[in-house]
Amino acid sequence: QVQLVESGGGLVQAGDSLRLSCAASGRTFSNYAMGWFLQAPGKEREFVATISWSGSTTEYADYVKGRFTISRDNAKNKVFLKMSSLKSEDTAVYYCAARYSFIYSDDRSKYHYWGQGTQVTVSS
């Protein structure tokens with residue numbers, strides 16, 4: 001079992017930056033690829049970014065490329081999402097997810113554990 005707790009969400013202005021954190025506990029963190037997903041009201045949960053177990057490989061959704069950066073610190077059991085140039089359409093609940101694999105994935109069905117989410121609201 002892996003427990004995930006997100007933090008760092010909040011209300012910001014368009015163009016601002018925000019860094020989300022996800023703290024993991026329960027199992028060997030480096031055995032898991034990690035991902036960030038978002039869910040806007042009335043919509044399905046969507047892929048944002050993912051990172052391999054070592055942090056050496058990442059993948060992003062097209063709409064966040066160049067604006068968001070995913071990273072991880074295996075020594076601290078944390079994964080981060082640095083968000084820059086935020087837009088009103090980035091407003092959503094952001095979820096951290098863990099996949100028991102060294103290989104990352106953009107498919108939410110491939111993830112085994114999820115956090116409770118953190119709200120990000122971007123005002124224009």
Side-chain angles (χ1 to χ4, degrees):
Q1 191 79 3
V2 174
Q3 293 78 42
L4 302 172
V5 179
E6 302 95 336
S7 62
L11 172 64
V12 296
Q13 300 284 329
D16 284 353
S17 298
L18 205 58
R19 190 177 83 152
L20 305 183
S21 297
C22 174
S25 61
R27 291 288 178 93
T28 304
F29 182 64
S30 58
N31 286 344
Y32 293 80
M34 300 296 295
W36 286 97
F37 293 77
L38 65 80
Q39 188 165 18
K43 295 187 177 182
E44 292 191 351
R45 198 167 295 187
E46 299 178 0
F47 167 71
V48 176
T50 183
I51 189 167
S52 62
W53 70 276
S54 65
S56 62
T57 312
T58 59
E59 183 180 329
Y60 297 91
D62 286 344
Y63 62 90
V64 303
K65 283 181 181 176
R67 298 192 300 125
F68 291 11
T69 303
I70 188 172
S71 61
R72 65 190 296 163
D73 185 339
N74 286 347
K76 296 183 178 180
N77 290 356
K78 288 188 174 182
V79 63
F80 307 97
L81 185 69
K82 176 66 183 298
M83 306 185 292
S84 302
S85 302
L86 283 162
K87 306 175 182 180
S88 57
E89 49 264 46
D90 295 322
T91 295
V93 177
Y94 284 72
Y95 295 90
C96 170
R99 176 170 188 249
Y100 187 54
S101 172
F102 291 152
I103 303 171
Y104 62 62
S105 175
D106 61 2
D107 183 348
R108 66 177 188 265
S109 70
K110 297 290 198 304
Y111 286 81
H112 303 95
Y113 302 102
W114 293 84
Q116 293 300 305
T118 185
Q119 176 70 48
V120 172
T121 303
V122 184
S123 63
S124 56

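Given the structure is predicted, the values throughout are model-derived calculations rather than measurements.
Cation-pi contact between Arg72 and Phe29: present, with separation from the ring centre below 6.0 Å and deviation from the ring axis of at most 45°. Note that Arg19 lies in the cation-pi zone of Phe80, set by a 6.0 Å cut-off to the ring centre and a 45° limit from the axis.
A single hydrophobic cluster is not seen to contain both Trp36 and Val5; linkage of ILVMFWY side chains at heavy-atom distances under 4.5 Å, directly or through other members, places them apart. Hydrophobic clustering of Ile, Leu, Val, Met, Phe, Trp and Tyr side chains at less than 4.5 Å, counting indirect connections, unites Ile70 with Leu86. Cluster membership check: Val122 shares its hydrophobic cluster with Met83, using side-chain heavy-atom separations under 4.5 Å among Ile, Leu, Val, Met, Phe, Trp and Tyr.
In this structure, Arg45 places its CZ atom where more than 12 heavy-atom neighbours from other residues, nucleotides or ligands lie under 6.0 Å away. The number of heavy-atom neighbours closer than 6.0 Å to CD of Gln3, taken from other residues, nucleotides and ligands shown, is above 12. For Leu11, the CG atom is densely surrounded, since the number of other residues' heavy atoms within 6.0 Å is greater than 12. Heavy-atom neighbours of Tyr100 OH from other residues, nucleotides or ligands within 6.0 Å: at or below the threshold of 12.
For the residue pair Ser30 and Thr28, no side-chain donor N or O sits within less than 3.5 Å of a side-chain acceptor on the partner. For the residue pair Thr91 / Glu89, no side-chain donor-acceptor distance below 3.5 Å is found, with atom types taken as modelled. Side-chain N/O atoms of Asp107 and Ser109 include a donor and acceptor closer than 3.5 Å.
The two residues Ser52 and Ser56 have their closest heavy-atom pair at OG-N, 3.4 Å. Of all non-hydrogen atoms in Gln119 and Ala92, the two that sit nearest each other are NE2-O, 3.4 Å. When all heavy atoms of Ala24 and Leu4 are compared, the closest pair comes out as CB-CD2, 3.6 Å.
The closest side-chain heavy-atom distance from Asp90 to Val120 is not below 4.5 Å. At least one side-chain heavy atom of Tyr63 sits under 4.5 Å from a side-chain heavy atom of Glu46. Residues Ser17 and Lys82 have side chains in contact (heavy-atom distance under 4.5 Å, counting atoms from C-beta outward). Annotation: side chain of Cys22 is not in contact with side chain of Lys78 (no heavy-atom distance under 4.5 Å). Between Cys96 and Val79, some side-chain heavy-atom pair lies under the 4.5 Å cut-off. Using a 4.5 Å heavy-atom cutoff, the side chains of Asn31 and Phe102 are in contact.
Distance OG/Ser21 to CG/Leu81: 9.5 Å, rounded to 0.5 Å. Atoms CG and CG, on Leu20 and Leu18 in that order, are 5.5 Å from each other to the nearest 0.5 Å. The CD1 atom of Ile51 lies 8.5 Å from the OG1 atom of Thr57; values are rounded to the nearest 0.5 Å. For the atom pair OH of Tyr113 and CZ of Arg27, the computed distance is 5.5 Å after rounding to the nearest 0.5 Å. In this structure, Arg67 CZ and Thr69 OG1 are separated by 11.0 Å, a value rounded to the nearest 0.5 Å. Rounding to the nearest 0.5 Å places OG1 of Thr118 at 12.5 Å from CG of Leu38.
Between Arg108 and Glu44, at least one side-chain nitrogen of the basic residue sits less than 4.0 Å from a carboxylate oxygen of the acidic one, meeting the salt-bridge criterion.
Thr50 places a side-chain N or O within donor-acceptor distance of the main-chain N or O of Met34, the cut-off being under 3.5 Å.
The hydrophobic cluster containing Phe37 also includes Phe47, Val93, Tyr95, Tyr111, Trp114, under a criterion of side-chain heavy atoms closer than 4.5 Å among ILVMFWY residues, counted directly or through chains of members.
The aromatic rings of Tyr94 and Phe68 sit tilted relative to each other, their planes meeting at an angle between 30° and 60°.
Screening Arg99, Lys110, Glu59 against Tyr104 for a side-chain contact (heavy atoms from CB on, under 4.5 Å) leaves a single residue, Glu59.
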| field | Worked check of salt bridge (Lys or Arg N to Asp or Glu O under 4.0 Å) between Asp62 and Lys65 | value | CA-CA 5 Å; Asp62 286 344; Lys65 283 181 181 176; 3.2 Å; yes
